[in-house]
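So that we are looking at the same thing, I have put the structure below in structure tokens.
Numbering of ligands and ligand atoms starts at 1, following listing order. Index from 1, following the sequence.
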Amino acid sequence: MSASPLAVLVSGSGSNLQAMLDAAQTKGLRTTPRVVVSNRPGVKALERAEAAGVEALVIDHTRYPSREAFDRALDEALRARGVEWVVLAGFMRLLSAWFVGQWRGRLVNIHPSLLPAFPGAHAIRDALAARATETGVSVHFVDEGTDTGPLIAQAPVAISPNDTEESLAPRIHAVEHELYPRVVDALVRGTISLEGRNVRGAPIAL
Ligand code: GRF
């Protein structure tokens, strides 16, 4: 399967990246990225990209004097490769308003909760702490806020009373790995767009 004009941005394990690479092979989805970019060297996601024959690029944020300088280097690298879609998959850096403006409607993220519930870096822990009976997964366009952009798709995951982070996280990740490749494929095919659904709160059913 040839690569799509996608960049997947990662900072760590890259299991969602792996799900995209696998779905391209097993389901014929258009989810093979042209490039995988990590802001941290040496992470597992880079190994996964290399193993799949995808360019694995490190843009180490510690080498840039400011967030804006890092984002400009990232933007330049993406444009140089003809990227049209930017897919955040465990990318643990806030992107500047400038970058979001450059890529609005072509920049998506996956988050382990049913947004707008439990935004931020500890969504699974926060859902457990709140004694929620249900959480889930959200895919959304990125805007200037933290996990606030227009929703594209959501899927629920039930929480049982004796769940811990260790028991709940794998069930959430399994749903992520099913949902994200389908959404990314739909974006590449043009069946989902920001223009097509710019009202918050009514996620598109895939
Ligand atoms: C996922 O849980 C995703 O929802 C969140 O970061 C995690 C990334 O995991 N944004 P991985 O690197 O894809 O394994």
* With sequence neighbours left out, write down each residue that passes salt bridge (charged side-chain N to carboxylate O under 4.0 Å, His left out) with Glu84, or none if nothing qualifies. =>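 For Glu84, no residue satisfies salt bridge (charged side-chain N to carboxylate O under 4.0 Å, His left out) once neighbours in sequence are set aside.
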* **Contacts of Lys27 that satisfy salt bridge (charged side-chain N to carboxylate O under 4.0 Å, His left out) - sequence neighbours left out** =>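 Residues passing salt bridge (charged side-chain N to carboxylate O under 4.0 Å, His left out) with Lys27: Glu178.
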May I have the N/O to N/O pairs between ligand 1 and the protein that fall below 3.5 Å, each with atom names and distance to one decimal?
| residue | atom | partner | partner atom | Å |
| --- | --- | --- | --- | --- |
| ligand 1 | 2 (O) | His173 | NE2 | 3.2 |
| ligand 1 | 2 (O) | Glu176 | OE1 | 3.1 |
| ligand 1 | 2 (O) | Glu176 | OE2 | 3.0 |
| ligand 1 | 4 (O) | Ile110 | O | 3.4 |
| ligand 1 | 4 (O) | Glu176 | OE2 | 2.4 |
| ligand 1 | 10 (N) | Ile110 | O | 2.9 |
| ligand 1 | 12 (O) | Gly14 | N | 2.8 |
| ligand 1 | 13 (O) | Ser15 | N | 3.3 |
| ligand 1 | 13 (O) | Asn16 | N | 2.8 |
| ligand 1 | 13 (O) | Asn16 | ND2 | 2.9 |
| ligand 1 | 14 (O) | Ser13 | OG | 3.1 |
| ligand 1 | 14 (O) | Ser15 | N | 2.8 |
| ligand 1 | 14 (O) | Ser15 | OG | 2.5 |

* To do: Sorted by first residue and then second, give each side chain to side chain donor-acceptor pair (under 3.5 Å) pair with at least one member in residues 36-45; sequence neighbours left out.
  =>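 Sorted pair list: Ser11-Asn39, Asn39-His61.
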* Asked: Within 45° of the six-membered ring axis of Trp85 and under 6.0 Å from that ring's centre, is NZ or CZ of Arg30 located there?
  ->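 Checked: cation-pi criterion not met.
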* Asked: Could Arg93 and Phe70 be counted as a cation-pi pair, given that NZ or CZ must be under 6.0 Å from the ring centre and within 45° of the axis?
  ->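 Judged by the rule, Arg93 and Phe70 form a cation-pi pair.
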* **Sidechain N-carboxylate O distance under 4.0 Å for Arg182, Asp185** =>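 Salt bridge: no.
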